[in-house]
Amino acid sequence: MMLGLALSIFITQTAAPDVEVITLANGMRWVLLARPEEGRVSGIVTVRAGGVNESEGLTGAAHLLEHLAFAGTPIVGSRRGWRLEAPLQERVFDLLDAKAKLMRVGRGGSVDAALIETSLVSAERDWREKGDESAFSNLMRVNEVTINAWTTKDTTKYWGDFPSEQLHLWLAAEAQRFAAPIFRNFQTERDVVLQERVNGQSLLNNAYETLWESAFYGSGYAWDTAGLEGDLRAMSPRSIERFYERLYAPNNSVGCLVGDFDRAQARVWLAETFGQIPARPVEPPPRVRLAAPRRLSEKASEHWVILGFEVPAALDPSSPPFVTLEYLLDGSEGPFKRLTEQLGVCTQIVIRSGPGVQQRHLMTIALRLRAGISAEEARESLFRSLREWTPSDGELERARASLERGRLQGLRSRQRLAVALAERVLLSDEWRAAFAPPLSTRAGVLSALESFTPERAWVVEVSP
Amino acid sequence: MRWLALLAMCASCAPMMIGGPGRVLPVALQYDPASFAGKPVPHKVENPRRVTLPNGVEVLWMEDHGAPLVDVTVFVACGRGDEPLGVPGTMALLLRSAFSAGAGALEPAAQVQVLDRIGLQPTLAVDDGESWIDFAVETRDLPEAMALLNDALSTPRFDPEAVARATERDAALIVESPLVRHNLLSNQVHNRAIYERTPTLTQLLTPSTIQRLSPEILRAQAARCLGPRNLVVAVTGDVTEASVRAGAAPLGRLQGMSVNEHVAAGAPPTLRNVWLVATTLSSRVEVTVLGQGLPRGSKDRAAATILLAALTASIEEDLRGHMGHVYSVDGAVEVGPGTGATWIRFSTRPEVSFEAARRVLALLQAWWNWWPLDVDYVAKLVLDESKSHGRMSKFSRTFLAGRALMQDREAFDASPFYEQVAKVRGSQLSGFFAHALKPENLQLVVTGALDPSLDWKQFGKVTIVSEVPR
């Protein structure tokens, strides 16, 4: 049996002595990199399912699903067997579904909703008696497996770091929950996600959301990965199930192992675990749409101006000059030094890109204005600084050295390397770039800079 | 055998339906993952190595050849408590200026340019009793980076124009940003709560104090703090003993015999105080409970680490279980000045903050009345924490050892920290708890969107702190 399973794998690429990409019979790809790590391994499963796959009314579903995936499987966490537990899940899901429907039509405070809530209390109590939502995390913890997960606009990642002798356990447990996660703690996790949503709110984040909503109106980058509060409150487990069914397939995911492990043994275990999950059709990622630039305003406690400019997808071959440019703009010596030190326009400049990486997105320049400086003056000064600036050799060298240092730090960390390799293969079918310094020339940076003009800028003015 | 058991278990199995049509557990995955758990194998975990240069500079290092990169941290035996009265912020500006306001033969612009060329962009931190700078460079640039570091420490120029630009920018940031002012005030109040009788540790950074910072003050502070006996260097990365020794050689030429004598910290408070710092800039409330921490050279470092892990986990479970709306719970034990400080902090929604504070104080009182950690539980805690520290990255291990060496000096325990943790006994945990968190001595600091009109006085003497006019 093991021989047959092992033969069902075939190696598709082995271009470097240390890295191997295998494709399981169901189409799931795994990147394997064995290297000394004091007896530890980092593993990651990256699913092409993120905020971009959501739709209006379902914002935050990818992130909520990631949280729910920690509540066990039909076997891990089922105190008396799944056959006894399954009807209790159905009962709770039916009630939550009915409650969500009422909330969506503005009847969350109705008598019907109150009656459902009463029934939910007892239904959830009954389910908790037969299902243990902590069992999965406890199983990992007692075996010294550290687990975590995070969701972006483009992907969801499930990560583990463990002693080498627990590789089989991690693969077995992860494969089982990938195939059949049980959402035992729906209401609790939804509350946690709502709290995270509130935690993430700040003056700048709120302004970014305003910007994205306008720029990506009607497409999957138009909202934060955390989702909108109203959508989260009205989310039902059935809608999360449907989201899962659309996207969580082995052929829509890539895994990676980095660390101290035996590659031949790993291949066998991968075939026995993840290789057993059936492939199924999945949706291609929806294309995001960018609206024409606009000017918006927002009230908050401080004066800021935020400008957004379209930039290519982070893994696009045309991206490196923009990455270099982002670095140069963020530095204290770049074109904006004048804005803070000589012109006295602003006291702080924040540069970031988002909200996703897989498709074209926005690089934002946020200026915290000094008292007495108008948004118009700040904008004019900013564009004048950009027009009058040409990066010096020293600045380009600094950017190269710094970006290279960041890349090397990523190579040294087994976690960051596993994340990078899996993401590269999933989103661009190419892992070698993770090991190569991105190249950008002066001409490339100057060409990238040409797209930063007033006509192409989305603007959010924040004022008290 | 596992496969035989699995085959037997699944002989009559069918794919298990979970919910919707796409949620099916295939027969081959209907196993108990726990049966695949491996038997724990002891793995060798390295400990940083140490060399003392003839002039007293201490160097700790650990090899990590995962990438051609080296991390360097330089600890300086001067912190906030060692800043002159009237000029808070001296240490931060000193360290920043050492790398930007000229050093050795280099004018400010040239220094920045050279540092940029090798990507040496130091980040810095200032704590109560020590400060540090860290940076990462490619392996090939280590010799040049260490020579530049030596210049920054031995011959900083503190160019007046560069220093003036930095102070002007910092002052403007405080003037323009209410959030920055609130954060500075909150940080100062946390220090007042535990160090009220130590003037240098309770200074507030304001635009007017920043304007007092001058090259002369920086020079005097550099003379006091940057001598070789005040430095510990931690190196992690693509190095060997030979390259570390060669890289550290310039630091071996630093001159000076003096060791910074920390200003003696005043006695900690003996009555419970409640400090309230309200703001409309935040939508949540942060509550910090403070007690005494660790004096330098204390043998309780490992016990304190375990106790805080147990306490914060217990508080988090209690608050989340009974109240909800709790965003985060964390805590730490800090070493010196004086008795140091232990702090436990949680953030909540405003409507539950008062009750959360009450619950946490009640929980600490309950621990005081009836020590809850029995022998078995302590053994589990010790094992978990020891493993957790054994799993730390090499950088973290070298960093923590470097900081401990800086703080404890002759009393430094060079054994791996996870081994120190593994040796902790239950009596040390209860002993440290009694020292650090005696209920009547606890200090409470509440910041954020709090309601000052609530009955905070039931927790202790209330001080409402408001921002002073700019």
Side-chain angles (χ1 to χ4, degrees), chain A residues 1-2 35 38-40 73-76 82 89 93 139 143-144 146 161 163-166 168-169 172-173 175-176 179-180 182 191 195 198-199 201 238 241-242 244-245 272-273 276-278 280 301-302 333 340-341 347-348 368 370-371 394-395 397-398 401-402 404-405 408-409 411-413, chain B residues 3 16-26 28-41 43-46 64 66-69 112-113 116-119 121 136-138 141 165 168-169 172-173 175-179 237 280-281 283-284 324-328 349 387 391 393:
Chain A
M1 185 175 180
M2 287 169 77
R35 67 179 197 183
E38 293 188 318
R40 295 194 71 84
T73 72
I75 291 166
V76 181
W82 180 247
Q89 172 192 270
F93 280 14
L139 169 66
N143 288 291
E144 293 184 57
T146 305
D161 193 81
S164 302
E165 64 271 17
Q166 304 305 355
H168 201 181
L169 165 69
Q176 196 176 79
I182 301 298
D191 282 351
Q195 280 184 16
V198 174
N199 278 358
Q201 285 177 327
R238 300 281 188 221
E241 275 194 320
R242 287 191 288 276
Y244 165 87
E245 287 160 10
E272 292 171 358
T273 55
Q276 300 304 308
I277 304 170
R280 61 168 182 269
S301 59
E302 298 179 0
E333 296 298 311
T340 52
E341 294 190 0
T347 54
Q348 190 183 358
R368 191 206 296 254
R370 280 196 168 179
E395 285 175 305
E397 182 58 22
R398 178 184 61 169
S402 185
E404 177 63 359
R405 192 187 53 203
L408 293 174
Q409 281 169 333
L411 292 186
R412 188 167 65 186
S413 153
Chain B
W3 277 98
M16 202 184 274
M17 299 303 294
I18 308 305
R23 298 184 61 212
V24 174
L25 187 62
L29 296 186
Q30 290 177 25
Y31 46 62
D32 179 1
S35 66
F36 298 104
K39 189 178 170 192
V41 176
H43 295 284
K44 181 173 162 35
V45 177
E46 286 177 51
D64 182 346
L69 196 72
V112 170
Q113 199 174 15
D116 282 351
R117 184 167 47 72
I118 59 171
Q121 291 157 333
V137 289
E138 291 179 54
D141 295 324
R165 276 198 301 273
E168 190 197 340
R169 193 166 48 205
L173 187 61
V175 169
E176 303 299 340
S177 172
L179 195 57
T280 54
L281 300 171
S283 60
R284 64 187 95 162
H325 306 305
V326 176
Y327 302 131
S328 63
R349 282 195 179 185
K387 286 177 177 172
R391 287 197 296 267
S393 70

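Any value given below was found using the heavy atoms of this structure, including those in side chains, with hydrogens, waters and symmetry copies removed. Every chain is numbered from 1 and lettered A, B, ... according to where its sequence line falls, protein lines coming before strand lines.
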Practice problem: Name the member of B:T280, B:L69, B:L179 that forms the most heavy-atom pairs with chain A at distances under 4.5 Å. | Solution: B:L69
Self-check item: Max heavy-atom pair count under 4.5 Å with chain B, selected residue of A:T347, A:D191, A:L411
Solution: A:T347
Quiz item: Side chain, backbone, both or neither: which part of A:T73 has a heavy atom under 4.5 Å from chain B?
Solution: neither
Exercise. Kindly give the heavy-atom pair with the smallest separation between A:W82 and B:I18, and that separation in Å.
Key: CZ2-O, 3.6 Å
Quiz prompt | Interface moiety of B:P178 toward chain A, non-hydrogen atoms closer than 4.5 Å | solution = both
Quiz item: Hey, is CD on B:Q113 packed in by over 12 heavy atoms from elsewhere, all under 6.0 Å?
Solution: no
Quiz item: Given the options A:E397, A:Q89, A:Q176, which has more heavy-atom pairs under 4.5 Å with chain B than any of the others?
Solution: A:Q176
Self-check item: Region of A:E144 in contact with chain B, defined by heavy-atom distances below 4.5 Å
Solution: both
Quiz prompt | Carboxylate-amine/guanidinium contact A:R280 A:E245, below 4.0 Å | solution = no
Quiz item: Checking heavy atoms, do the side chain of B:R284, its backbone, both or neither come under 4.5 Å from chain A?
Solution: side chain
Self-check item: Among the listed options A:P74, A:S301, A:A175, the residue most often paired with chain B at heavy-atom distances under 4.5 Å
Solution: A:P74
Quiz item: In terms of heavy-atom proximity below 4.5 Å to chain B, should A:R35 be classed as side chain, backbone, both, or neither?
Solution: side chain
Quiz item: By a 4.5 Å heavy-atom criterion (distance strictly below it), what part of B:S393 contacts chain A: side chain, backbone, both, or neither?
Solution: neither
Quiz prompt | Reported OG-to-CD distance for the pair B:S177 and A:E302, which is rounded to 0.5 angstrom | solution = 4.0 Å
Self-check item: Aromatic ring pairing A:H168/B:F36, orientation class (parallel under 30°, perpendicular over 60°, tilted between)
Solution: tilted
Quiz prompt | chain B contact via A:R40 - side chain, backbone, both or neither, heavy atoms under 4.5 Å | solution = side chain
Practice problem: Against chain B, label A:L139 side chain, backbone, both or neither, depending on which of its atoms sit under 4.5 Å from a heavy atom there. | Solution: side chain
Quiz item: Hey, which of B:Q121, B:E138, B:R165 has the most heavy atom pairs under 4.5 Å with chain A?
Solution: B:Q121
